[in-house]
Protein chains: 2
Amino acid sequence: MVLKVRAKAPAPSGCPLSACMTLLRGAWTPEVIWSLSSGPRRFSEVRRTLPAISAKVLSARLRELETRCVLTRTVMQTRPPTVEYALTDLGQELIPVIRAIVEVGSSLHQREVQALRKGGSDARAPATVDYEHA
Amino acid sequence: MVLKVRAKAPAPSGCPLSACMTLLRGAWTPEVIWSLSSGPRRFSEVRRTLPAISAKVLSARLRELETRCVLTRTVMQTRPPTVEYALTDLGQELIPVIRAIVEVGSSLHQREVQALRKGGSDARAPATVDYEHA
DNA sequence: GTTTGTGGTAACCGATGGGAAACCGCTCCA
DNA sequence: TGGAGCGGTTTCCCATCGGTTACCACAAAC
């Protein structure tokens, strides 16, 4: 039995685009960061702001973001102990990215509204143009 | 056999964050958009700028981005026929997002360099702080 | 006449992802 | 005595994702 050699690198490593995207990868990741952008929150607080996320995924995201130095996890000496998650400096750097994403998302929503007003049935027509002359 | 009802919506739909992230989802998606940001390119040109992407995935991404109105696909009447991909207005709107991502990626790289200079062995230490007093 | 380049598609297949549900110890409160 | 809330973990399972390989037609170039 010989180990299969991976013919293509999983990530171009040198690329800053892929480097940052690994921080944002995975379901709910931007939402979790966004939820912490207004200040530190506890597990159940984040969960309440993101009602559709499952505990497992939220737990996994928080762990990953911690190991990637995007946020810190602080166990408070209370009874019962509570845990607080807060963005690091690196996490704060991601806020402009997410803000930019939200902006495009909003403009996307406005496009849809306008498309609906205009009639809507051809709003989703394929964008392909066939046989344009060169 | 009863169809399982999806108890949780796959996307919070109203959220502009998720709305925009669906445009960026999937391996290589930001890279492909980035590759087209400097002007229209043909299939094989994009492939050359992204040597590690497979034809299948590039093809899939281009199709998806077309149906999502991020780019247009134009078949040129040449021999042999060539196909040109270009960003739409919506695609152009994504450029600032990707630029922001690249910026964080670069700063990430600088952090790594600094961490290596400082000694590096503890650069990857867990960020958890235990037992902080409330 | 074989290779190169053009722009893909189809089948296969292992890895990963994420949802659902069950479960955990602990403490406060009724 | 028994919830309810805290902050998760574990297991199961299915869907999807993405890489690999093979293949297509056509034309120009070597």
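Letters go in sequence order (proteins before strands), and every chain restarts at 1.
If you check D:dG8, C:dG19, D:dT20 against the side chain of A:R73, the one that comes closest is D:dG8. Minimum atom distance to the side chain of A:V57 is reached by C:dG18, of the listed C:dG7, C:dG18, D:dG18. For B:S59, the side-chain atoms get nearest to C:dT9 when compared with the rest of D:dG7, D:dC17, C:dT9. Here the side chain of A:A55 is nearest to one of D:dT9, C:dG8, D:dG7, namely D:dT9. Nearest to the side chain of A:R42, among D:dG18, C:dT6, D:dC6, sits D:dC6.
B:L58 places its CG atom 11 Å from the P atom of C:dG7, with the value rounded to the nearest Å. B:K56 has its NZ atom 12 Å from the P atom of C:dA10, to the nearest Å. A straight line from CZ of B:R41 to C1' of C:dG5 spans 18 Å, rounded to a whole angstrom. Taking atom CZ of A:R61 as the reference point, atom P of C:dG19 lies 8 Å away to the nearest angstrom. The distance from atom CE of A:M76 to atom C1' of D:dG8 is 18 Å, rounded to the nearest whole Å. Atom CD1 in B:I53 sits about 14 Å away from atom P in D:dC17, given to the nearest Å. Atom pair A:L50:CG and C:dG18:P shows a separation of 14 Å (rounding to whole Å applied). Atom CZ in B:R47 sits roughly 12 Å away from atom C1' in C:dG5 (whole-Å rounding).
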Check: protein-nucleotides 23-30 of chain C nitrogen or oxygen pairs below 3.5 Å:
{"unit_1": "C:dT27", "atom_1": "OP1", "unit_2": "A:R79", "atom_2": "NH1", "d": "2.9"}

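Closest approach of B:R41 and B:S35 over heavy atoms only: NE-O, 2.7 Å. Across all their heavy atoms, A:L90 and A:R68 have their closest contact at CD2-O, 3.6 Å. Nearest heavy-atom pair, B:F43 versus B:A55, reported as atom, atom and distance to 0.1 Å: CZ-O, 3.9 Å.
Among B:V104, B:I98, B:V102, the one residue that satisfies the side chain to side chain contact (heavy atoms under 4.5 Å, CB included) test with A:C20 is B:V104.
For the atom pair CG (A:L58) and CZ (A:R63), the distance works out to 10.5 Å, reported to the nearest 0.5 Å. Atom CD1 of A:I101 and atom OG of A:S106 lie 11.5 Å apart (nearest 0.5 Å).
For C:dG7, neither phosphate oxygen OP1 nor OP2 lies less than 4.0 angstrom from any side-chain nitrogen or oxygen of B:R48. For the OP1/OP2 pair of C:dT6 and a distance below 4.0 Å, the side-chain nitrogens and oxygens of B:S44 include at least one atom meeting the criterion. Phosphate contact (OP1/OP2 of C:dT16, side-chain N/O of A:R25, threshold under 4.0 Å): absent. Between A:R63 and D:dG8, a side-chain N or O to OP1/OP2 separation shorter than 4.0 Å is present.
At a threshold of 4.0 Å, the pair A:E45-A:R48 does not count as salt-bridged, since none of the basic side-chain nitrogens sits closer than that to a carboxylate oxygen.
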